[in-house]
Amino acid sequence: MAKKKDRAIEIRGLVTAFGPHTIHDGLDLSVERGEVLAIVGGSGTGKSVLLRQMLGLLRPKAGEIELLGRSLAGLDKRALADLRTRLGVLFQDGALFSSLTVTQNIQAPLKERLKLPGHLLDELAGLKLALVGLPADAGPKYPSELSGGMRKRAGLARALALDPELLFLDEPTAGLDPIGAADFDQLIRSLQRSLDLTVVMITHDLDSLMTSADRIAAIIDKKMVTGTVDRLRRADHPWLRSYFAGPRGRAALQAHDTIALEPINASPITDRAETA
Amino acid sequence: MSAWLKVTRQDDVRLIFAGGDWRLSAVADLERQLKGLTGEFVEGAARPFRAARLVLENLGALDTAGGWLLLRTKQQLERHDVRVEMIEVQPRHAALLARLEQAHAEPPVPAPKPHPIHRVVEHLGSVTVHALSETYQLLAFLGALVITFVIGLVRWRRLRPVSIVHHVEQVGLNAVPIVALLSFLIGVVLAYQGSTQLVRFGAEIFTIDLLGVSVVRELGVLLTAIIVAGRSGSAFTAQIGTMQVNEEVDAMRIMGLDPLEVLVMPRLLALMIALPLLSFIAIAMAIAGGSLVIIFALDIPTVLFLRQLRSALDIQILVTGLVKAPVFAFLIAMVGCYEGLRVAGSADSVGRQTTKAVVVSIFLVIVVDAVFSVVFAAIGV
């Protein structure tokens with residue numbers, strides 16, 4: 001797109017504290033438009049808290065968060081709501097409204113923001129379903145009738161309903177089987193390229209880190225360390241070293257290196273949901 | 001840049017120029033304009049044009065909704081045997097259009113919309129079948145409870161006395177303030193309403209009989225049962241239902257613990273102990289509330305009040321009132337636990353089952369109360 005190359009997210013000097021516990025202490029992060037950034041960190045380092053702060057659900061104690069060029073601190077309720085329509089979020093287990101069908105879930109943000117005739121709503125919901133690789137007959141089903149993997153896809157379809165510029169994913173592959181997880185990684189990558197999305201994801205999944213992320217941001221000692229996989233694996237920090245050098249890290253890196261040697265071609269993407 | 005659309009003719013070829021930002025917000029408008037294009041095809045008439053070209057040279061931003069609209073137009077025209085080409089596609093749009101085309105291969109399945117009459121008939125049928133199977137399952141649950149209870153009688157430790165005491169506190173002791181307050185107020189209301197009618201016949205002294213008999217025989221127990229159904233029956237459903245959602249009940253079964261024994265029995269027995277006691281408190285408080293009105297508003301001396309109350313009541317009336325309490329408790333606890341165990345899947349289901357538990361248990365309490373009245377009348381109590 002012929003937009004000026006501004007930053008999607010800019011965080012400066014973020015401080016978060018719950019009572020006497022400081023979670024983030026002067027954390028900086030910037031995310032360029034069109035990149036996929038993965039946030040990693042041990043349990044309790046405040047990844048989810050950071051996500052909630054970026055979404056404006058939690059206010060930081062100090063520091064500034066800028067989303068799509070607008071500072072969150074100065075926004076009133078209305079402006080925040082407008083800004084949020086440019087964001088899509090996939091919560092951990094989809095967070096689909098359990099009393100609505102999948103189609104109604106996808107239509108919920110559309111109905112709220114736009115006045116569209118009924119047949120268009122139906123067709124657009126169908127399109128989003130197809131985009132995330134769900135069969136069309138998943139539309140009239142309720143979330144409780146879907147498998148975990150399909151719920152994630154449905155959640156992604158709802159997150160994409162308003163064609164957001166910025167997509168947040170909270171542990172997108174948690175709870176999926178390895179094949180389903182790999183499919184989901186591919187799906188996110190292909191959507192990111194074709195829809196020109198900026199993606200910020202929290203993940204524990206080393207494989208999805210290697211395949212999907214352009215850069216990695218690790219929360220270490222209450223601050224952020226960012227870089228590519230190749231840079232961070234050579235970084236001299238005990239947590240990063242045990243992260244990448246542990247048995248799981250080594251296996252994922254090995255796979256990553258073998259793939260990197262082969263030419264990257266636009267292989268046809270298999271993103272059809274497993275029929276549960 | 002707002003989205004625009006222009007159609008020009010060139011022999012039997014249409015040129016469709018698309019420009020501006022084709023975004024979700026513009027889609028409704030654009031779709032209406034595009035309808036004119038396909039509207040030219042009339043059944044039986046000659047084809048108005050043979051080929052069309054979508055010129056995308058001036059297109060600004062394009063999102064999935066806009067891209068989908070372009071592809072849909074193409075497909076609709078192709079269905080009318082028109083050759084459609086997209087020309088001057090900008091490289092930045094190509095990836096999105098390709099991705100959408102791939103996704104669009106499968107037409108969306110419209111949700112089935114049955115005929116309204118069919119829907120009513122189908123609904124009636126499914127509700128009937130549902131009600132019958134529900135009754136059947138509730139009876140089966142009753143049977144399982146009785147078996148568990150009999151086993152428990154033989155081995156009393158299995159009835160979990162500690163858990164029962166805990167639940168007696170929850171459903172009994174903690175409910176005392178609300179039950180006492182509400183019964184007190186009902187006593188006041190009853191005495192006022194009764195006396196205003198009876199005073200017309202000069203029989204205001206019989207307000208005491210009215211108050212005593214109606215509260216002791218009927219209202220004390222019934223009122224308490226309804227309060228408890230709303231307060232504790234619903235809590236049973238919510239507690240067990242949440243455990244069901246978390247798969248805690250399944251975990252229990254795997255460990256060889258019977259949910260009926262661990263979850264249901266203690267609640268059932270606790271409520272059967274607590275409800276008669278609560279009913280007694282309710283009766284006492286209602287009479288206290290009524291006595292205030294009678295003594296202070298009707299100016300009947302306390303001694304006279306007490307003498308009249310004693311002549312109106314005897315122990316048999318109290319027994320016929322309180323004997324119903326354990327039965328009501330049994331119904332409330334059974335329905336509450338049963339609906340809790342029937343929770344499946346989601347948080348939404350917890351809410352639905354809780355509502356149902358309250359409605360069904362109050363319904364059953366009133367039905368059984370009516371049965372008691374008929375039976376008592378028949379045996380002349």
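If you're wondering where the values come from, they're calculated on a predicted model, not measured in any experiment. Below, all heavy atoms of this structure are taken into account, side chains as well, without hydrogens, waters or symmetry copies. First the proteins, then the strands, lettered A, B, ... as listed; each starts at 1.
- Contacts of A:A161 with chain B are made by backbone atoms alone, with heavy-atom separations under 4.5 Å and no side-chain atom involved.
- Using a 3.5 Å distance cut-off with no hydrogens or angles, the side chains of A:D122 and A:Q107 do pair a donor with an acceptor.
- Note on B:T64, B:D63, B:L24: by heavy-atom pairs under 4.5 Å with chain A, the leading option is B:T64.
- A side-chain donor-acceptor contact under 3.5 Å links B:H115 to the backbone of B:I117.
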>> If you apply the rule side chain to side chain donor-acceptor pair (under 3.5 Å), what do you find for B:R267 with B:Q239, and how did you get there?
In response: CA-CA 11 Å; B:R267 288 179 166 81; B:Q239 286 161 0; 2.8 Å; yes
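- Side-chain contact check for A:M201 versus A:F168: every heavy-atom pair is 4.5 Å or farther apart.
- For A:L162, the parts sitting under 4.5 Å from any heavy atom of chain B are the backbone and the side chain alike.
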